[in-house]
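Below is one structure; the comments refer to it alone.
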Number of protein chains: 2
Amino acid sequence: MRVTEPHRARFSVDERRAQLLELGLRLFAERAYDEVSIDDIASAANISKGLLYHYYGGKRAFYVACVAHAAEALVERTHMSDEIPEPDRARAGLDAYFDYAEEHATAYVALMRSGIGNDPEVAAIVEATRTRIVRRALDGMGITTPRPAFRAALRAWIGAVEAACLEHLEHRDVARVGLVDMLLAGLYGLLVVAKQLDPDAPFALGPPPQPPTQTETASPPSRGSRRRQP
Amino acid sequence: MRVTEPHRARFSVDERRAQLLELGLRLFAERAYDEVSIDDIASAANISKGLLYHYYGGKRAFYVACVAHAAEALVERTHMSDEIPEPDRARAGLDAYFDYAEEHATAYVALMRSGIGNDPEVAAIVEATRTRIVRRALDGMGITTPRPAFRAALRAWIGAVEAACLEHLEHRDVARVGLVDMLLAGLYGLLVVAKQLDPDAPFALGPPPQPPTQTETASPPSRGSRRRQP
DNA sequence: CTCCTTTGTTGAACCAGGTTCAACGCGAGT
DNA sequence: ACTCGCGTTGAACCTGGTTCAACAAAGGAG
């Protein structure tokens, strides 16, 4: 028997925090909140129960931190440069969104399905994340003052994006480009009516993303979107 | 001191179940899952802790039952008659959906924000509810065999509807009719591309819900929907 | 090199809250 | 009136989150 580890490894604060966050995100992604016990976390991280309380206030706070971590990563990831003109920026952001979701599938699903019951703090984080994305999109469209109709339209669209993304991760039977095309068409429809509801908005709607020619199976590879039809 | 209640009231099984479900839905709507203790439920229902275990397996099972109850009510409520032709059925169903959400705001929000962590059972109920609605909608469109593109489109749309509904309940600064118009326009956009992706689908898309005239602030009260502009 | 301070870390005790179970009493049937 | 069934109880139980005083590995001072 080796007794080389009388006490566990000694990390720096940041290292420990990062390790715990990563681990927690993985654990909470694969099991429900109260399926994961403090002991599970502690033993998986090879630390004692008490240490978790040193870094985070408790189990709840730790969970919140994990969710916030994932949310932050998502927001950063989908931040598109202002250089890109608007017709394509939405598509680029959407692509980045799907990229993140595909790469960190478990984390993404955990984030979307998150919430301890309807825990206000967790709900606030998820909702704040959506709001940040919506606000950023509105900024990109030149809308800075409160525009209820446009906010509602984008908020609804975010809902559609999240749903489509979860759908895509579950059973991948629709090409990703197809989903993106659909979502962009849906966004256009939403924005048309939003503009009708608020004609004074400083926002000019471009041409529809694609004329409904409905002749070919997949959409033509025009307008700079790469194909990936199976 | 009255001693008129040596033991609590004696209900029939169904009465008790109904009472507990109603109460639980209310409690879980206003507080988080593990903010609500068994004692809270028991004292609020004026019963002992043990009785809850007699009717439901435990706290978790009770929560699941509450969520299932709300989900069932929502599905029943939004079930539209097959008599209504399709251009209007979507609008009717959407109106019924908003009606339910407005009337049972707390229950609706609880249902949407539900989920104990990512509890698989709860998630399954919510997801099954969405699937039922999607399947019903597909049936109404004459699509019975698996049509991935259309399923994805409708699933995404449900996401948009839920998001818009929550948005509407939170800050009601957009007329409900406006939201409905937006959502229908978004649905149209989604379906156009879905049809492109799957041209063989036995589904003919009608004319767009409303030409983008973009002249008036609110949409005209045409097409048989009642107004409710504040 | 040794002591001392700092701070990451521990383990056991503590406690809240979900769960179990044997017994109790009100109502219906005889 | 008697008793059987079942809705109901309350206290004991136990898992699991929380607290806290003490311990040990780095880093610096003498």
Side-chain angles (χ1 to χ4, degrees), chain A residues 2-24 27-28 30-67 115-119 121-122, chain B residues 2-24 27-28 30-67 115-119 121-122:
Chain A
R2 301 279 303 281
V3 202
T4 45
E5 295 166 343
H7 274 252
R8 265 70 166 255
R10 192 183 177 87
F11 280 73
S12 87
V13 176
D14 291 336
E15 286 173 325
R16 196 56 100 182
R17 285 200 121 88
Q19 176 212 4
L20 291 177
L21 243 50
E22 199 106 356
L23 173 68
L27 288 180
F28 288 128
E30 59 194 21
R31 283 201 302 250
Y33 173 76
D34 48 54
E35 298 286 332
V36 180
S37 70
I38 293 275
D39 297 88
D40 289 339
I41 302 172
S43 69
N46 201 38
I47 61 172
S48 67
K49 293 169 66 174
L51 195 58
L52 195 69
Y53 287 83
H54 177 73
Y55 283 100
Y56 304 93
K59 188 186 182 185
R60 173 78 62 99
F62 178 57
Y63 181 76
V64 169
C66 290
V67 170
I116 311 165
N118 38 24
D119 182 288
E121 204 165 351
V122 177
Chain B
R2 301 278 301 282
V3 201
T4 43
E5 294 165 342
H7 274 251
R8 265 70 167 256
R10 193 182 177 85
F11 280 71
S12 88
V13 176
D14 291 336
E15 286 173 325
R16 196 55 101 183
R17 283 200 121 87
Q19 176 212 3
L20 290 178
L21 243 51
E22 198 106 357
L23 173 68
L27 289 180
F28 287 127
E30 59 194 21
R31 283 202 301 250
Y33 174 75
D34 48 51
E35 297 287 331
V36 179
S37 70
I38 294 274
D39 297 272
D40 288 340
I41 302 172
S43 68
N46 201 37
I47 61 172
S48 68
K49 292 169 68 173
L51 195 58
L52 196 67
Y53 286 82
H54 178 72
Y55 282 101
Y56 304 92
K59 187 186 182 185
R60 172 78 61 101
F62 178 57
Y63 181 76
V64 169
C66 289
V67 170
I116 311 166
N118 39 23
D119 182 287
E121 204 166 352
V122 177

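Hydrogens, waters and symmetry mates are skipped; everything else that's a heavy atom, side chains included, is used. In what follows, chains carry the letters A, B, and so on, assigned in the order in which the sequence lines appear, proteins first and then strands, with residues in each chain numbered from 1.
One can place OH of B/Tyr53 at 24 Å from P of D/dC6, the figure rounded to the nearest angstrom. In this structure, B/Ile47 places its CD1 atom 19 Å from P of D/dC6, rounding to the nearest Å. Summarising the geometry, the separation between CG on B/Leu51 and P on D/dA11 is reported as 16 Å, rounded to the nearest angstrom. Between the NZ atom of B/Lys59 and the C1' atom of C/dG17 there is a distance of 8 Å, given to the nearest Å. A straight line from CG of A/Asp39 to P of D/dT18 spans 12 Å, rounded to a whole angstrom. Per the geometry, OH belonging to A/Tyr56 stands 17 Å off P belonging to D/dT19, to the nearest Å. Taking atom CG on B/Asn46 and atom P on D/dT8, their separation rounds to 11 Å, with Å as the unit. Look at CD1 on A/Ile41: it is 8 Å from P on D/dG17, rounded to the nearest Å.
Counting heavy atoms of neighbouring residues, nucleotides and ligands inside a 6.0 Å radius, atom CD of B/Glu22 does not exceed 12 of them.
The side-chain tip of A/Arg17 does not point at the ring of A/Phe11 from less than 6.0 angstrom away and within 45° of straight on.
Residue A/Phe62 is out of contact with every strand shown, counting any heavy-atom pair closer than 4.0 Å. Residue contacts for B/Gly50: at a heavy-atom cut-off of 4.0 Å it reaches a base atom on one of the strands shown.
Residues A/Ile38 and A/Phe62 are not in side-chain contact: their nearest non-hydrogen atoms beyond the backbone lie 4.5 Å or more apart.
A/Leu23 and A/Ala45 get closest at one heavy-atom pair: CD2-CB, 3.4 Å.
A close approach under 4.0 Å does occur between a side-chain nitrogen or oxygen of A/His54 and OP1 or OP2 of C/dG8. Proximity of B/Arg16 to the phosphate of D/dT8: a side-chain N or O atom is located under 4.0 Å from OP1 or OP2.
Ring geometry for A/Tyr33 against A/Tyr63 counts as perpendicular: the plane angle is over 60°, on a 0 to 90° scale with 30° as the lower cut.
Taking every side-chain heavy atom of A/Phe11 into account, C/dT9 is the closest of C/dT9, C/dT10, D/dG17.
One donor-acceptor pair, N or O on each side, does fall under 3.5 Å between the base of D/dT18 and the side chain of A/Lys49.
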